[in-house]
Amino acid sequence: MQSNWRPKPGDVTLRPRRIKRFRLRRVLGVPALFSAGYGNVGSSIYYALGIVALVALGATPIVLGIAGILFIFTALTYAEGTAMLPEAGGSASFARHGFNDAIGFTAGWALMLSYIVTISISAFTIPPYLGYFWAPFKESLFVSTAASIGIVIFLMTINVIGIKETSFINVGAAIVDITTQVSLVVIGFIVLFNPVVVFHRIVDNWPTVDNLVLGIALASIAYTGIETMSQMAEETKQPEKKVPQALIMMIVTVLVIFAGISLVSLSAMTPQELASDWARDPVAGIAASIPIALIRDVLKPLIALLAGTILLIATNAGLIGISRLAFSLGSHKLVPAALSRVHPRFKTPYISIILFSLVAIIILFPAFFTTAAFEKMGTLYAFGSLLAFAFSHASILSLRVRKPELARPFKLGWNIKIKGRELPISAVLGLIATSTIWIIILITQPYSRWVGIIWMVTGWIIYYLYRRKEHLPLTHIPRKPGEVRQ
Amino acid sequence: MQFNKILVPVSGTQAGEEAVKLACQLARKSKGKILAAYVITVKRSLPLDAEIESESKKAEGILDRVERIAEEEDCEIETDLLQARDTAPAIVDEAVEREVDLILIGITYKRRFGQFSLGNIIPYVLKNAPCRVILYHQYAP
């Protein structure tokens with residue numbers, strides 16, 4: 001090589017950029033996806049049973065069943081949407097493609113609310129389960145709320161620092177979760193289940209129509225986490241096949257286990273006991289009601305420990321989910337860039353993690369003063385999640401009308417044809433049901449109504465000011481010349 | 001023994017660069033080519049496709065340097081920038097997808113709790129690799 005070589009004037013060295021800046025390594029398969037999804041959805045039974053029993057009383061299993069049907073519709077909608085658009089963002093992404101940026105933001109902002117409340121509720125129900133080891137965790141509202149806030153702060157800190165989490169944690173949690181729940185259902189059916197008692201407890205404690213509807217809305221909390229799978233689509237190999245497979249596996253598992261646990265719970269205790277003494281730790285209530293002392297003595301600490309761990313992982317999953325969602329919205333210019341800012345050292349979206357953790361803590365504050373805060377958190381969750389689910393259904397229908405040519409690797413069957421367009425019945429029914437229940441929540445629940453409206457209006461103001469500052473129209477980002485966008 | 005495609009995971013260490021040189025020598029014998037891959041690990045609080053500019057810049061710099069080394073060694077090289085949750089599965093997955101004959105990894109002398117340690121990546125790759133693996137251990141006097 002010549003050492004005295006110098007470039008001649010006019011010599012240009014072209015170093016072509018790598019064709020794509022980076023490639024994503026998608027390594028998740030159905031088991032990992034199912035584990036992550038079930039880790040989230042499966043954990044919600046540890047608090048959903050109590051929160052539903054607060055209003056639905058004897059009708060708790062029925063209400064969970066009806067919500068289960070809505071869950072099937074929603075899961076099917078997510079299966080079609082995620083297979084069609086395998087990207088982070090879930091319902092926000094569907095709405096952005098199906099309608100426009102403003103609707104996409106609205107769906108994403110509603111979804112953020114449900115994520116935040118999930119963090120609050122999961123954190124709020126950990127201390128009562130741990131009450132087995134130290135009674136004030138269950139008996140003192142102040143201690144348990146302070147502990148919940150401590151848990152959120154702890155998770156916020158480790159997520160800002162960015163402790164490495166392997167998929168083994170998800171898989172391990174899902175296995176432990178399913179094993180615990182199946183064992184409880186089997187043991188419960190053998191030693192507790194009495195169909196006559198369950199029938200009488202259902203009939204004698206049938207709620208009012210208002211409470212029945214509210215119960216169905218609250219029962220949607222039992223299916224928290226359906227978004228998780230959608231969010232993980234971009235990490236999945238062949239997402240168009242594997243996400244629907246994992247979703248269907250999850251639907252079946254969740255419905256069977258939840259039906260079993262709710263029936264066992266009504267055999268174990270009256271709806272009043274379920275809604276009062278065991279409202280925040282209903283599964284511990286089942287373990288405590290087992291008549292055989294040996295099994296009870298083993299199960300009580302085991303449930304306390306397992307439920308505490310699983311709920312901690314679920315709280316963390318909520319925090320991870322919301323920070324990913326915020327980043328995804330930020331990359332499509334739906335929220336200010338600050339929410340997507342990555343810490344220079346820890347490489348984590350620290351602003352969104354800290355901000356949303358603080359909002360979760362604020363939502364926990366009323367729990368210092370009243371036990372009713374638990375139910376209020378439930379209705380607030382329903383406000384956000386039902387709105388996001390309604391947008392998902394509407395977006396899938398809109399995409400069927402506006403972009404029928406899009407490849408749909410998982411296409412929902414049972415369609416009705418209107419003007420040559422095929423509309424899936426499950427999405428139509430899902431849209432009607434979720435929006436109706438959302439409106440009922442809006443009318444009947446003042447806390448969710450006002451907190452939810454304040455949240456949404458704040459979001460719209462932020463969105464409006466941000467888009468104006470960036471000189472962007474509210475509904476779409478104009479394409480640059482030559483730009484191809486999906 | 002012939003190696004037509006050699007995967008060299010790089011992370012900017014000197015051992016990695018020496019591994020590229022060694023891979024070049026091995027590849028030249030069989031007129032093979034090298035694939036150098038840098039893996040950006042993305043924290044779970046971010047979407048996998050999140051573009052972390054500082055990391056991308058660092059990775060581009062390292063891959064540019066590796067390209068220059070291969071050029072000096074007169075060896076055909078292809079570089080790739082990957083984003084993944086974990087480095088080790090990404091390396092194995094890349095080896096499977098690219099159907100490589102050999103993974104050549106440069107390792108530095110690391111201590112953990114006072115003991116020599118291979119870390120987490122090497123044992124995973126050794127256990128799961130679909131092909132031969134050579135570890136190039138940097139001399140540490």
Side-chain angles (χ1 to χ4, degrees), chain A residues 1 15 17-28 32 36 87-89 93 156 158-170 231-237 316-317 319-331 340-350 352-353 356, chain B residues 7 9 35-69 71-74 77-98 119-121 123-125 128:
Chain A
M1 192 180 274
R15 191 174 290 279
R17 290 194 75 78
R18 289 172 184 90
I19 293 168
K20 211 172 170 189
R21 262 185 89 73
F22 51 76
R23 292 191 299 119
L24 303 181
R25 285 264 51 117
R26 301 165 186 262
V27 291
L28 297 183
E87 55 186 49
S93 171
M156 178 184 83
I158 64 164
N159 276 292
V160 166
I161 295 168
I163 281 178
K164 197 172 173 186
E165 180 205 341
T166 62
S167 56
F168 175 76
I169 291 179
N170 279 334
Q231 296 256 355
M232 293 181 83
E234 60 166 11
E235 294 175 42
T236 309
K237 274 190 171 177
N316 194 40
L319 203 50
I320 287 174
I322 198 169
S323 52
R324 272 194 213 186
L325 176 64
F327 195 95
S328 170
L329 295 182
S331 61
S340 315
R341 195 169 298 153
V342 175
H343 193 280
R345 183 168 160 213
F346 302 126
K347 314 290 179 216
T348 52
Y350 66 110
S352 56
I353 291 173
F356 296 126
Chain B
L7 174 65
L35 306 171
Y38 183 96
V39 185
I40 296 177
T41 50
V42 184
K43 296 272 166 62
R44 285 178 196 277
S45 50
L46 289 168
L48 190 58
D49 63 355
E51 194 164 344
I52 309 163
E53 213 176 315
S54 59
E55 288 288 289
S56 302
K57 266 187 187 167
K58 182 182 158 197
E60 292 274 356
I62 290 166
L63 291 176
D64 284 347
R65 175 148 178 75
V66 163
E67 277 175 353
R68 279 199 299 275
I69 291 171
E71 209 174 300
E72 282 165 16
E73 296 284 328
D74 193 22
I77 190 164
E78 198 181 312
T79 53
D80 217 348
L81 185 48
L82 310 172
Q83 292 214 162
R85 295 292 180 201
D86 274 312
T87 306
I91 293 170
V92 173
D93 204 52
E94 183 74 354
V96 172
E97 200 179 291
R98 300 298 201 98
N120 300 320
I121 297 169
Y124 185 96
V125 174
N128 299 287

Out of curiosity, [X] [atom1] to [Y] [atom2], how far, rounded to the nearest 0.5 Å?
X: B:Ser45; Y: A:Leu319; atom1: OG; atom2: CG; value: 8.5 Å
X: B:Arg44; Y: A:Ser323; atom1: CZ; atom2: OG; value: 12.0 Å
X: B:Lys43; Y: A:His343; atom1: NZ; atom2: NE2; value: 10.5 Å

Quiz item: Stepwise, does the side-chain hydrogen bond (donor to acceptor under 3.5 Å, both in side chains) test hold for B:Thr41 with A:Lys347?
Solution: CA-CA 10 Å; B:Thr41 50; A:Lys347 314 290 179 216; over 6 Å; no

Exercise. Sort B:Glu55 into side chain, backbone, both or neither according to what part of it lies under 4.5 angstrom from a heavy atom of chain A.
Key: side chain

Quiz prompt | A:Leu325, part contacting chain B, at a heavy-atom distance under 4.5 Å | solution = neither

Practice problem: Kindly determine whether B:Leu46 and A:Val342 satisfy side chain to side chain contact (heavy atoms under 4.5 Å, CB included), including the steps that lead there. | Solution: CA-CA 9 Å; B:Leu46 289 168; A:Val342 175; 4.1 Å; yes

